[in-house]
Protein chains: 2
Amino acid sequence: MYQTVKGTYDVLPDQYEKRKRLKDLFKDVIECYGYRLMETPVFEYAGVFQKENDTSDMVTKEMYTFSPNEKDVLTLRPEGTAGVIRSVVQNKLYGNNELPLKLGYIGEMFRHERPQKGRQRQFTQCGIENIGDKSPIIDAEIIALAYNFIDMAGLENVKVLINTLGDNESRVAYTKALKEYFTPLKDQLCFDCQNRLEKNPLRILDCKVDHELDIIKNAPKMSDYLTDSAKAYFEKVKAYLDACGIPYIVDDKLVRGLDYYTDTVFELVSTSENAGAQSTVLAGGRYDNLVKEMGGPELSGIGFACGLERLTMMVEEENEMTNLDLPCDFYIIDMSKGSDYAFKVSEVLRRNLFNVDLNVYDRSMKAQFKSADRRNAKNIIIIGEDEVNNSSLTIKNSETKEQVTIKFEELDAYLESLGE
Amino acid sequence: MYQTVKGTYDVLPDQYEKRKRLKDLFKDVIECYGYRLMETPVFEYAGVFQKENDTSDMVTKEMYTFSPNEKDVLTLRPEGTAGVIRSVVQNKLYGNNELPLKLGYIGEMFRHERPQKGRQRQFTQCGIENIGDKSPIIDAEIIALAYNFIDMAGLENVKVLINTLGDNESRVAYTKALKEYFTPLKDQLCFDCQNRLEKNPLRILDCKVDHELDIIKNAPKMSDYLTDSAKAYFEKVKAYLDACGIPYIVDDKLVRGLDYYTDTVFELVSTSENAGAQSTVLAGGRYDNLVKEMGGPELSGIGFACGLERLTMMVEEENEMTNLDLPCDFYIIDMSKGSDYAFKVSEVLRRNLFNVDLNVYDRSMKAQFKSADRRNAKNIIIIGEDEVNNSSLTIKNSETKEQVTIKFEELDAYLESLGE
């Protein structure tokens, strides 16, 4: 018997409905901010995701990469941003549209990592990208959007953590300081961090292995290396958040797992007891260089991504989602022994977009009534031999217990009267 | 500069909206028939899709198969049915639910074939599966559902083609007859068909290379090998379709490209001029043996799949889809030179789920009015230094030209009054 591959899962109908509600909410909220959804392909050329000198775990260890022929190296997308930027550049979207571009996505992502609670190898992310301008109001707007989405989803006890990684100049100075600080201490770092020291020492601060070491706790702080303009930018972002009452905490340990971030980075974390160790629910940041690195013009961008599985799990833990079953507007009990009349009736109802359950088995009336009951049918139609011979039908409202008998020809008019 | 991989494509916002309308319609229509959507993973163990002796092009030539480690052989799903059946068996869905199971899906599929008009390497299929019982009324119901979906999508000139491949007994007799007929003529067949002759001679009738040959036209007909019960079953399916006025044509050349079909098979084809050579819009059939072959109990099923790209293309050719742009409920013109008041106002509007465009550039009032106009803003709010100092705002209705000035504290109440 075949099973799902480890780290992948089936989304059965009740769960599908829960996820769909959050996806629909996401679409509604981002549209309020002028974002529109798009889709990029599930696989791309590996280079789209793999930047030069990228040291993130995602890129170095976790990508599903394969070659369907001798020439191409393809990767199942591990995240949404790179594909959207590739599309913006390839389709020159910055040329034909008013800037900033406001794009969103909801899609499956793939990372070959050890499965753990709320973290799978196939998972769904919803995210947005704002591309074309750099301004504190945009950063604040996108953090407000993220906060409102999570708030409307029903999560309580959510904190916004923010930090700044500085502009390019701040980052060069800080990277140099970290190199100088860590080089004599190299032997105390893990193997991965020894590599990071050469390529991107900032990532040492984020290391899951080394983060408890004193040498990391005592490392130089980003805040001491920010240029004046980077400092002013971050102050302005905070002022906008204050203005509209978004609660946030500045966390100078917040580096984020992807190499391309600059200036503002942020995370929304759940502090509820159930969330456990994995409490980040949404994360993002600004990227000054990514569009250019991918072959486009020098356009800054900012975005975030939110894992739908973890969000669904967290929302479920705090709020029961009810009424997931399909409504049943009409249940047709067919006692006519194989006539096609009940089928004809069902088709008229369904073409008017009513949800209909038609018994297709040779079962007792009692068994059929039981099914109608289990489905919470709003109306029950009983068709027996008399109804077939008269071309009539009797419709009983389950709540009011009222019943009407009408001719088949009157059915369309009857259904129309229901809508009034 | 990176490009999409050949045979894959970006779905930009307008196109996303068109596809979403068809996906939403699909969900509405199948729910009327009691089907609920689910999702299976994008990749599965290769064996889920690759049945023993399967000779279809899809399985032998077109699958994206890869190994992320030494042990596993995985395949990007080339179609939706096998994953749903695997899930039904793995999760024993037949045990806990009333039969027949009614499941649907909308998802990306992958086939490594030569890209052509309306046929890509990544494509989207929506489909349904009805599992658990075999009865002509179910076959007719699913064909009616398919027809109504395509009809409501707005396609005209659609024909339903149906055929029967007979039950297992009919198929054994017919396969034997075809083998006897083709074996002496083997040399005239293409290389693939010479292989099919051993494994599944039925597929020779469906060959894209050989289909014009006289020896194929003169081959034995399925209809001469049907058992009485298979014949009666098919007659009953047709009678149900007649009862509810679904127009259909019996096409005894209809074999379908997948090996697992038995009894009823059907296709919906567009006969409009624009559709070109590739006119099949939806196809499906019954499968008596698939659930058992995949390790489940002996349950018959029937399903269909519909290619969303081709359907969208066909619908677009026949009907313009309009109003794809996001509505803009409020456009905020900000002349306050960097105050955070306009941002505060935008947040109140957005938290009430109004679509808002807030100018984030330092631009002239004229330029901002032009943007508001381009976005067809229903209301325009102008915020200047006076408004910031008074904590007030003026809202102008673009259609009626009426305008009101209110205090910031009155905004929530004003928005509530709009809903009345």
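Labels below follow one simple rule: chain letters A, B, ... track the order of the sequence lines, proteins then strands, and each chain is numbered from 1. These figures come from a predicted structure and were not determined experimentally.
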Below 4.5 Å, heavy-atom pairs only: which of A:Q122, A:M294, A:M152, A:M1 has the largest tally toward chain B? A:Q122
Verify salt bridge (Lys or Arg N to Asp or Glu O under 4.0 Å) between A:E39 and B:K23, making sure each step is shown before the conclusion. CA-CA 14 Å; A:E39 274 174 42; B:K23 288 179 184 179; 3.5 Å; yes
Under 4.5 Å, counting heavy-atom pairs only, tell me which of A:T40, A:T4, A:V360, A:V48 racks up the most with chain B. A:T4
When only pairs under 4.5 Å are counted, which of B:L145, B:D133, B:I138 shares the most heavy-atom pairs with chain A? B:D133
Nearest heavy atoms of B:A144 and A:E347, plus distance in Å: CB-OE2, 3.3 Å
Which atoms of B:T65 approach chain A - backbone, side chain, both or neither, heavy atom under 4.5 Å: neither
Tell me, for B:L37 versus chain A, whether the close heavy atoms (under 4.5 Å) come from the side chain, the backbone, both or neither. both
Validation row: A:P13, B:L103 side chains within 4.5 angstrom (heavy atoms): yes
Heavy-atom pair count under 4.5 Å with chain B, highest-scoring of A:F43, A:F110, A:F354: A:F43
Has B:Y2 got more than 12 heavy atoms of other residues, nucleotides or ligands less than 6.0 Å from its OH? no
Could you check which of B:L99, B:D329, B:V348, B:I246 has the highest count of heavy-atom pairs closer than 4.5 Å to chain A? B:L99
So if I apply the side chain to side chain contact (heavy atoms under 4.5 Å, CB included) rule between A:E31 and each of B:V356, B:L353, B:L326, which one comes out positive? B:L326
Interface moiety of B:A342 toward chain A, non-hydrogen atoms closer than 4.5 Å: neither
Indicate yes or no: at least one non-hydrogen side-chain atom of B:Y33 is less than 4.5 angstrom from one of A:R350. yes
Output yes when A:R86 and B:D10 qualify as a salt bridge under the 4.0 Å nitrogen-oxygen rule, no when they do not. yes
Please examine the side chains of A:V42 and B:T8, heavy atoms only from C-beta on, and report whether any two atoms are closer than 4.5 Å. no
At a heavy-atom separation under 4.5 Å, does B:E141 approach chain A through its side chain, its backbone, both, or neither? both
Residue pair B:R351 / A:D151, side-chain heavy-atom distance below 4.5 Å: no
If I measure from the heavy atoms of chain A, does B:L349 come under 4.5 Å with its side chain, its backbone, both, or neither? neither
Look at B:S67, B:S87, B:G83, B:G34 and state which one has the largest set of heavy-atom pairs under 4.5 Å with chain A. B:S87
Shorter than 4.5 Å, heavy atoms on both sides: which option in A:D242, A:N352, A:N69, A:L76 has the most such pairs with chain B? A:L76
Classify the ring geometry of A:F343 against B:Y240: parallel below 30°, tilted from 30° to 60°, perpendicular beyond 60°. perpendicular
Select one option (side chain, backbone, both, neither) describing which atoms of B:Y341 are under 4.5 Å from chain A's heavy atoms. neither
Is it the side chain or the backbone of B:T124 that comes within 4.5 Å of chain A heavy atoms, both, or neither? neither
Verify the neighbour count for atom NZ of B:K236: are there more than 12 heavy atoms of other residues, nucleotides or ligands below 6.0 Å? yes
Which portion of B:E98 sits near chain A, non-hydrogen atoms under 4.5 angstrom: side chain
Against chain A, label B:N91 side chain, backbone, both or neither, depending on which of its atoms sit under 4.5 Å from a heavy atom there. side chain
State, yes or no, whether a side-chain contact exists between A:E17 and B:R36 at a heavy-atom distance under 4.5 Å. yes
With the side chain counted from C-beta on, respond yes when B:M38 and A:V11 share a heavy-atom pair under 4.5 Å apart, and no when they do not. no
Please indicate whether B:D362 has more than 12 foreign heavy atoms, meaning atoms of other residues, nucleotides or ligands, lying under 6.0 Å from its CG. no
Chain B contact via A:Q3 - which portion, at a heavy-atom distance below 4.5 Å: both
Applying a strict 4.5 Å limit to non-hydrogen atoms, the region of B:E108 in contact with chain A is side chain
Where on A:K370 is there a heavy atom nearer than 4.5 Å to chain B: the side chain, the backbone, both, or neither? neither
Applying a strict 4.5 Å limit to non-hydrogen atoms, the region of B:P100 in contact with chain A is both
B:D325 versus chain A, heavy atoms under 4.5 Å apart: side chain, backbone, both or neither? both
Specify which of B:Y45, B:F330, B:Y105 makes the most heavy-atom pairs with chain A at under 4.5 Å. B:Y45
Please rank A:K102, A:K27, A:R19 by heavy-atom pairs under 4.5 Å with chain B and give me the top one. A:K27
Out of A:I137, A:V345, A:V29, return the one with the most heavy atom pairs under 4.5 angstrom to chain B. A:I137
Side chain from CB out, backbone as N, CA, C, O: work out which of these in B:D357 comes under 4.5 Å of a heavy atom of chain A, or both, or neither. side chain
Classify the angle between the aromatic ring planes of A:Y64 and B:F66 as parallel (below 30°), tilted (30 to 60°) or perpendicular (above 60°). perpendicular
